[in-house]
Amino acid sequence: MLKDTQKKTVMAYLIDIYSKRILIEFQQEKLMPSEAQDIFSDYVQFIKQTKLLFEYSYFIVNCHKAYTVYISYLQERKLYNDCLIICKELDSLLSTDDIERKAIVYHTIGTLYLALKFLRKAEEAFEVSLNLIDKIPSNRREEEELVKVQISLIDHLSCLKLERKDHINALDLLIRCYNLKRTCSGYDSENIATTLVAIARVYKILGRWDDAIEYFTRGADSFERLKGPNNIHTANAFIELAQIRAFQGIYKKAIDLTESALTIYINLNGKDHSSTLRLYTNLIFLSLKLNSNEMIRYYIELISDILNEKEDEISFVLFNEIGNLLRQHKRQQDAITFYQKSKEIFNKLPQKQTKLDQLSVVYCNIANCYLELDNKNEYIEHTKRAVSILNSVYEENDQRIQTLYGKLYQTLSSVNLSLIHISEPTRQAEISYAVFCLKKKK
């Protein structure tokens, strides 16, 4: 009859051999999930039989090793639901005092829920993990291995908080993440710069302009040092800074920052790239806010030359948007010129029949300009054209046509006309308004 000490020696020897075997088995590339499950189940069953022989620490080390290997196997094969079951089983085996291992398990559970798109459950698991880590003694918590786990947790958790617009808690997490990354050798300066910009964006959302400016500036400077003057991250930080200055009404500074971003975009993408062209429209908007006719004319000429060369769908859209900017700033006659340019580009587009509803918007914009200029006849003519276009695309229950007819009805009434003047000849007067609740044709 073997004594307890002899039993322990024999079992420890068997566990060691079994542990090495399972590691070898799971390294096989062609190991099927059903085979892996059998190997894992046999091993865990064997380990559980030794629980009474050994102290918790020895038992759980070997048990944890097997679970970790199997969890990694399942994750690699994206068997997330099976993996969740195994993680929860491991958690049930862990002592309540085994805080560090529990924290790692909940971190894994969070990533699995994230992969399964269960965002609220992922957030809850990450919060449990972070709360457990906070209970670990500070000297251990500051070791690099656990610092990396905290960074991963906080990165995930801050994103989920932002998704739910919980900006205050997201900000606290991002600042904590930034401080951790600075102490961890595994995180380079680029990663830290990215976190600086993320913090700045939250400050911007919260309207804390001075803090946002500080962090965007630090982020831009960091990226410029790391990647040189022509990099997209610095350009985007300049754009964010320009938006803040525009919110503050400091339009000249906003223009300077946007021009700096524009220079980088031109160097990286070319002057006719869609992202570059958007910056030109930003500059037109800022010049209008500054009410500088010279700058307005300058930027409009620059973008017009490019758009006239392109003559594509982007040109069609942007000429219309420039018209919108001019109209919003009470420059209706100039706006009409750009809406007309948008129409001209449209006529040159291939497959334009699929974009007729967009053309109707341009006609509506021209009509509204004429209405604001108190030219009701031109308003009626362009609205009729917009309705005619929409009528060729939609059949019933379309709110856009109903809205157009409501506005048109008011204008026609003021000039002593009625909707029958623009109805199809075969329509009867009493239904000429109601029929324009239309739906898109199949």
Practice prompt. Answer yes or no: is there a side-chain heavy-atom contact under 4.5 Å between Phe285 and Asn324?
Written response: no

Practice prompt. Check whether any side-chain heavy atom of Ile306 lies under 4.5 Å from a side-chain heavy atom of Lys271, and answer yes or no.
Written response: yes

Discussion item. Looking at Glu145, I want to see if its CD is surrounded by more than 12 non-hydrogen atoms of other residues, nucleotides or ligands under 6.0 Å.
Written reply: no

Item to complete: Check whether any side-chain heavy atom of Leu90 lies under 4.5 Å from a side-chain heavy atom of Ile86, and answer yes or no.
Response: no

Worksheet item: Do Glu144 and Lys148 sit within salt-bridge range, that is, some charged N less than 4.0 Å from a carboxylate O?
Response: yes

Discussion item. One pair to check against salt bridge (Lys or Arg N to Asp or Glu O under 4.0 Å): Arg140 and Glu143. What are the steps and the verdict?
Written reply: CA-CA 5 Å; Arg140 169 61 183 147; Glu143 291 181 15; 2.3 Å; yes

Worksheet item: Closest heavy-atom contact between Phe216 and Ala237?
Response: O-CB, 4.0 Å

Item to complete: Step by step, work out the salt bridge (Lys or Arg N to Asp or Glu O under 4.0 Å) result for Lys121 and Glu124.
Response: CA-CA 5 Å; Lys121 287 187 175 182; Glu124 289 169 0; over 6 Å; no

Worksheet item: Where does the angle between the aromatic ring planes of His233 and Phe223 fall among parallel (under 30°), tilted (30 to 60°) and perpendicular (over 60°)?
Response: parallel

Worksheet entry | Sidechain N-carboxylate O distance under 4.0 Å for Asp221, Arg225 | no

Worksheet item: Quick one: do the Lys204 and Gln243 side chains pair a donor with an acceptor below 3.5 Å?
Response: yes

Worksheet item: Pairs in or reaching into residues 103-112: which pass salt bridge (charged side-chain N to carboxylate O under 4.0 Å, His left out), with residues at least two apart or in two chains?
Response: none

Worksheet item: With a 4.0 Å cut-off, would you call Asp334 and Arg297 a salt bridge?
Response: no

Discussion item. If I compare all heavy atoms of Tyr203 with all of Ile175, which pair ends up nearest, and what's the gap?
Written reply: OH-CD1, 3.7 Å

Worksheet item: Of all heavy-atom pairs between Ala246 and Tyr251, which one has the smallest distance, and what is that distance?
Response: O-CE2, 3.6 Å

Item to complete: Could you tell me whether Lys135 and Glu100 make a salt bridge, using a distance below 4.0 angstrom between a side-chain N and a carboxylate O?
Response: no

Discussion item. Students often mix this up, so state it plainly: with edges at 30° and 60°, are the rings of His107 and Phe126 parallel, tilted or perpendicular?
Written reply: tilted

Fill in: Lys/Arg N to Asp/Glu carboxylate O, Glu123 vs Arg120, below 4.0 Å
yes

